Amino acid sequence: MPKQNSVSRHIVLTSHPSRVGPKPIPIKWGASDPMERGPVIATLTKQAHRNVIGTHSGSYAVYRALAVARGVLQSDHRADLTNTSPVEHIGPHPSWFDLEKIVSVDPFGAIVGEVFTSYYEQGYDIRPTIAITKAHINMPELQEAVAKGRLTIDGKIMKSGGDLVVTKAAIEPVWYLPGIAKRFQITEGDLRRALFEQTGGMFPELVTRSDLEVFLPPIGGVTVYILGDIAAITDPNKPLAVRVHDECNGSDVFGSDICTCRPYLVHGIEVCVQTAQEGGAGVIVYCRKEGRALGEVTKFLVYNARKRQEGGDRADAYFERTECVAGVQDMRFQELMPDVLHWLGITRIDRMVSMSNMKYNAITEAGIEIVERIPIPEDLIPQDARVEIEAKKAAGYYTTGEVLDSNGLGSVKGRALTD
């Protein structure tokens with residue numbers, strides 16, 4: 001039997017503020033007292049309570065809509081959050097209350113049940129935007145690292161069979177629009193207009209509700225994997241390793257050899273395990289930015305263009321083909337990425353497992369020190385990924401090896417589509 005909704009079928013537009021009734025709870029971004037800051041209320045059970053633009057779950061809200069339309073989910077369903085509280089506590093850290101450091105996640109997102117109890121008692125439907133749990137993960141490459149003596153089984157961080165014990169956090173994006181605009185050095189008006197237009201007018205409140213300053217964008221979030229003692233992350237006397245990794249489904253999951261993504265991710269995990277076993281901590285930040293945030297369809301179109309161009313897939317045309325298809329080389333814009341590091345309280349990274357100049361610049365410009373940068377070992381680079389890695393090194397990515405000139409880049413070629 002389809003579930004019956006108890007809410008009115010009358011459609012209430014949210015594109016203009018109500019002239020009557022109570023005003024939504026204001027959000028004072030950056031306030032150190034959560035009650036002064038105010039909760040993020042994006043749920044749909046009571047429209048009058050909403051104080052942000054957008055809804056929870058990013059693009060998954062469309063699946064929620066389908067469930068409601070089919071009658072398998074009540075549109076006014078209120079989550080039972082019993083026993084869902086974080087298994088580990090993170091923060092608060094001074095960075096939580098600095099408008100310059102966190103503008104794209106809600107630092108209180110994991111502990112709304114603790115800090116906004118009085119609002120719950122008044123009937124407000126406040127959902128977490130961060131969830132923290134524990135798990136075991138296992139990748140066959142790590143077992144190979146044990147067999148070769150690079151990693152050791154300690155029974156705590158790495159168990160027999162290669163299981164890694166991790167604390168992991170899932171984080172939904174929560175954008176403070178004035179802070180986002182300042183981070184990108186644009187006006188808030190230009191930001192709101194572009195967001196409105198480039199989402200096909202999905203969120204009219206962006207241009208009609210200047211009183212709502214927080215937006216939950218319909219994009220993927222971030223998952224953080226922590227190895228070792230969480231307290232070590234902020235201990236200046238203990239080492240910290242970090243790998244910030246942008247999603248690549250083809251390589252990360254299916255082992256495609258056209259890029260270095262999975263090998264570099266595994267190497268980052270390996271360095272994090274080693275650092276945690278030294279008494280420090282390791283952090284993997286996994287960002288949903290498929291295909292440099294261009295999307296997987298665009299990425300595959302670029303693959304075709306690279307492989308079919310005159311002269312084949314060449315390192316000297318690596319970025320050019322992306323720009324021809326997408327209009328831009330990269331849309332990840334790493335300026336928002338350090339917010340997650342600030343949420344963790346990170347002020348120094350001893351081992352940064354990344355060659356990316358964009359990530360390095362974003363992190364250091366955010367005030368986080370990077371002591372050592374670790375490139376991907378040569379023996380982990382798939383043969384068809386030489387095009388990518390040589391092009392990136394020539395473009396300024398960090399390397400301790402040789403950087404090819406234009407003639408050398410032209411001689412680095414990938415596999416043909418028919419091979």
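The model shown is predicted, which means the values in this text are computed figures rather than measured ones. We use all heavy atoms of the structure for the numbers below, so side chains are in, but hydrogens, waters and symmetry mates are not.
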Polar side-chain atom of Ser95 near backbone of His342 as donor-acceptor pair, under 3.5 Å: yes
Carboxylate-amine/guanidinium contact Lys393 Glu402, below 4.0 Å: no
NZ/NE/NH1/NH2 to OD/OE distance under 4.0 Å, Asp330 and Lys289: no
Close aromatic pair by centroid cut-off 6.0 Å: Phe215 and Phe203: yes
Donor on one side chain, acceptor on other, Thr260 and Glu388, under 3.5 Å: yes
side-chain contact (heavy atoms from CB on, under 4.5 Å) between Leu380 and Tyr264, worked out: CA-CA 8 Å; Leu380 294 182; Tyr264 215 164; over 6 Å; no
Arg386 with Glu378: basic N within carboxylate O range, under 4.0 Å: yes
Close side-chain approach of Val353 and His267, heavy atoms under 4.5 Å: yes
Close side-chain approach of Ile269 and Tyr225, heavy atoms under 4.5 Å: no
Salt-bridge criterion met for Arg351 and Glu278 (N-O under 4.0 Å): yes
Least distance between heavy atoms, Met337 atom then Ala362 atom: CE-CB, 4.3 Å
Considering all heavy atoms, the nearest Arg50-Pro24 contact: O-CB, 3.3 Å
Any donor-acceptor N or O pair under 3.5 Å, side chains Asp246, Gln334: yes
Modelled atom types, side-chain donor and acceptor of His245 and Asp252, under 3.5 Å: yes
Over all atoms of both residues, closest heavy-atom pair of Ala241 and Thr275: CB-OG1, 3.4 Å
Under-4.0 Å salt bridge between Asp350 and Arg348: yes
salt_bridge(Lys307, Asp384) N-O dist < 4.0 Å: yes
Arg193 atom CZ: more than 12 heavy-atom contacts under 6.0 Å: no
Minimum heavy-atom distance Phe196-Leu206, with the two atoms named: N-CD1, 3.7 Å
Side chain Arg183, main chain Glu335, donor-acceptor under 3.5 Å: yes
Tyr120, OH: over 12 other non-hydrogen atoms inside 6.0 angstrom: yes
Heavy atoms of other groups near Gln198 CD, more than 12 under 6.0 Å: no
Aromatic Tyr360 / basic Arg373 pairing, under 6.0 angstrom, 45° off normal: yes
Short N-O contact, Asp257 and Arg415, less than 4.0 angstrom: yes
